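None of these values were measured; they are calculated from a predicted model.
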Amino acid sequence: MVRIDVTGTGGVRLAAWEFADPPKTGEVERAPGVLLLHGLMGRASHWASSARWLTERCRAVALDQRGHGRSDKPAEGPYTREVYVEDAETALVQLGLAPAVLIGHAMGALTAWQLAARRPDLVRGLIICDMRASALGAASQREWESWFKAWPVPFATLADVRKWFGEDDPWVERPNPSRGEFYAEVMAESPDGWRPVFDPEQMLRSRETWVHDAHWEELAQVQCPALVVRGLDGELGRAEAQEMVRVLPKGEYAEVADAGHLVHYDQPEAWRAAVEPFLNRVLAE
């Protein structure tokens, strides 16, 4: 992974990660660009397994979005939908990726389709991973506030992180080792133990800006080919996913068995099988 700093809205420093050796002179323009956008609380490294096969034919870059990973986490924000979209737009331009395929998970998927609607000239294809277009409502936000308060931080060891998020978390219906690994990757060691690399309050502020609204209108404005992917045990239901496909002017549908919300992390090979044919068609156009 090669780190490339991007200057986002308001001068926020964003860490972008290219999953390959830097292309030789002249090759950047020939390699189709892919920008990978993680979900809330995620980080660029969560896309590592996808990037390994993407780099066989693409220039794959994952962005640590503001407040996440190794990007800046300004105390005062802002953490609005607008700035997340502007940051992604800036990354496409500064990195020379456009017209790119955007691949987003959860919050990152919302950012991706809002950017595709806003700047169709920058986006040639879109992959939406387990993100709902309907409003989630105030009750959902309260549930998240309570959930953050239930975290037994600091964790004594990374093994404790893996166990809590993979087994003991009340949101876990059955043991899920990949979920434990997912959260272990967003922890950093501090003098008193392991804590998240993000500020939970900033995460709640980020989430507050989309949970009360539906996002169907932006979906209808997406002009490029778009693939909606859901895990069978994820948060996006089949009926809503298929309605999203109907609303998208060039929408397609795929689902991944034995996968929860963290589709690309739970089942990386099945995820690849679901999205690669679509990606190949888009890149061939």
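- Going from atom OH of Y84 over to atom CG of L115 covers 15.0 Å, rounded to the nearest 0.5 Å.
- For the atom pair M244 CE and H215 NE2, the distance stands at 10.0 Å (nearest 0.5 Å).
- Take R195 and apply the side-chain contact (heavy atoms from CB on, under 4.5 Å) test, not counting sequence neighbours, and it matches V153, P154, S190, D192.
- For the residue pair R66/T9, the side-chain donor-acceptor check at 3.5 Å is not satisfied.
- T157 OG1 to E189 CD: the interatomic distance, rounded to the nearest 0.5 Å, is 10.0 Å.
- Note: Y183 and W151 have perpendicular aromatic rings, judged against thresholds of 30 and 60 degrees for the angle between ring planes.
- Hydrophobic cluster membership differs between F198 and V83, with clusters built from Ile, Leu, Val, Met, Phe, Trp and Tyr side chains linked at under 4.5 angstrom.
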Step-by-step ring-ring contact (aromatic ring centres under 6.0 Å, His included) determination, F165 to F155:
CA-CA 11 Å; F165 288 101; F155 295 91; 5.7 Å; yes
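- With respect to the salt-bridge test (charged N to carboxylate O, under 4.0 angstrom), the residues D213 and R81 do not qualify.
- In the hydrophobic clustering (ILVMFWY side chains linked at under 4.5 Å, chained through shared members), L54 is joined by V34, L36, W47, W53, V101, I103, I127, L227, V229, V256, V263, W271, V275, F278, L279, V282, L283.
- Q94 approaches T7 most closely through the heavy-atom pair NE2-O, 3.0 Å.
- Salt bridge annotation for E235-R132: absent, with no cationic side-chain nitrogen under 4.0 angstrom from a carboxylate oxygen.
- Residue pairs satisfying the salt bridge (Lys or Arg N to Asp or Glu O under 4.0 Å) criterion with at least one member in residues 272-284, sequence neighbours excluded, are listed as follows: E56-R272, E252-R281, R272-E276.
- A donor-acceptor contact under 3.5 angstrom links the side chains of D169 and W147, judged on distance only.
- Separation of atoms CD (Q202) and CE (M41) is listed at 13.5 Å; rounding is to 0.5 Å.
- The closest side-chain heavy-atom distance from Y79 to P74 is below 4.5 Å.
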